[in-house]
Structure formats: C-alpha cells, structure tokens
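Index from 1, following the sequence.
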Amino acid sequence: MRGTMMLLVLTMLAGASSAAGAMDIESLTIVTKGGGAHLFQVEVARTNEERSQGLMFREKLEPDKGMLFEFRQPQLATMWMKNTVISLDMLFIRKNGE
C-alpha cells in the first residue's frame, strides 16, 4: 500500500465481534515511536462504494479489527458518520507511512 493515502478507522470496543462484509481483509502493524507494535486485521475499502458503506450499521467490532480507507492519490477526504453506532478512533496516514 506504499504510495497511497490511507485513513484507518479502529474501534475502542473490547470483546465484540465483527460483521465483516466482502471487502479484502489484510494484516496491518502500527509501530509507535517508542518501538511498540500493534497488529490489526483490517477490511480494506478501496472503491467509492466500499468507502461510502464504511462501518455503517455495524453494532460491534473486535478491538484488533478495523477498516482502512485507501485513496490512490493524496486528497481532501470528508467522512460522515451516518448510521455509525460504534465508537471509533480515526488515524490519518501520510504517503510516507507516518
């Protein structure tokens, strides 16, 4: 996924289960400045349709699961939370991975 702009959405819910759709699921490791590593399994939303659906209507998502919104070119991205009932953290990842 190098060279793409990405938005990673992670949940803060503990012990919940995922209702994964038809999106690709990939492993993602986030390494902190302190050297800690956190492994996630993320659904990858690559198409406009997948990004529009996002996590709408999900009632639960495990703490090591998330969704990655992949954009091929750096761009201003707007996010709406319509019909999103779970608490989320959003991380924005630059082209260089930071």
Side-chain angles (χ1 to χ4, degrees):
M1 287 185 243
R2 189 175 182 134
T4 60
M5 173 74 88
M6 297 170 283
L7 169 66
L8 177 65
V9 180
L10 303 170
T11 66
M12 297 208 34
L13 296 177
S17 64
S18 174
M23 289 181 227
D24 292 337
I25 298 176
E26 297 184 11
S27 295
L28 173 75
T29 302
I30 296 178
V31 179
T32 64
K33 285 186 179 183
H38 306 277
L39 178 62
F40 297 92
Q41 296 298 311
V42 295
E43 296 173 61
V44 184
R46 291 187 171 97
T47 67
N48 286 335
E49 182 179 273
E50 290 172 338
R51 289 189 292 264
S52 292
Q53 177 65 35
L55 292 169
M56 287 197 308
F57 304 109
R58 300 283 182 96
E59 294 181 8
K60 299 177 182 177
L61 195 61
E62 295 176 27
D64 63 342
K65 304 288 190 266
M67 183 170 285
L68 185 70
F69 292 75
E70 181 179 48
F71 298 94
R72 290 284 169 197
Q73 299 295 323
Q75 61 186 279
L76 181 63
T78 57
M79 305 303 283
W80 67 330
M81 304 309 289
K82 181 178 181 180
N83 300 316
T84 303
V85 298
I86 55 179
S87 297
L88 302 173
D89 284 329
M90 296 177 114
L91 307 171
F92 295 88
I93 305 169
R94 293 184 179 131
K95 185 176 178 180
N96 66 2
E98 292 181 343

Do Arg58 and Ile86 come close enough that some side-chain heavy atom pair is under 4.5 Å?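 Side chain of Arg58 against side chain of Ile86, heavy atoms only: contact under 4.5 Å found.
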
The test is side chain to side chain contact (heavy atoms under 4.5 Å, CB included); show your working for His38 and Leu28 and say whether it passes. CA-CA 8 Å; His38 306 277; Leu28 173 75; over 6 Å; no

What is the distance from atom [atom1] of [X] to atom [atom2] of [Y], rounded to the nearest 0.5 Å?
X: Asp24; Y: Leu68; atom1: CG; atom2: CG; answer: 11.0 Å
X: Leu55; Y: Lys65; atom1: CG; atom2: NZ; answer: 13.5 Å
X: Glu43; Y: Met67; atom1: CD; atom2: CE; answer: 4.0 Å
X: Leu91; Y: Ile30; atom1: CG; atom2: CD1; answer: 5.5 Å

Distance-only, no hydrogens or angles: does the Arg51 side chain make a donor-acceptor pair with backbone N or O of Arg46 under 3.5 Å? yes

Under 4.5 Å between side-chain heavy atoms, chaining through other members, with only Ile, Leu, Val, Met, Phe, Trp and Tyr counted: pull out the rest of the cluster around Phe57, sorted by chain and number. Met56

Taking only residues two or more places apart in sequence, or in another chain, which ones meet Thr47 in a side-chain contact (heavy atoms from CB on, under 4.5 Å)? Glu49, Glu50

Taking side-chain contact (heavy atoms from CB on, under 4.5 Å) as the definition, give me every residue that meets it alongside Asn96, ordered by chain and number, with sequence neighbours left out.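 In terms of side-chain contact (heavy atoms from CB on, under 4.5 Å), with neighbours along the sequence ignored, Asn96 is linked to Arg94, Glu98.
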
Search all heavy atoms of [X] against all heavy atoms of [Y] and return the closest pair with its distance.
X: Leu61; Y: Gly66; answer: CD2-CA, 4.2 Å
X: Phe40; Y: Pro63; answer: CE2-O, 3.7 Å
X: Gly54; Y: Phe69; answer: CA-CZ, 4.0 Å

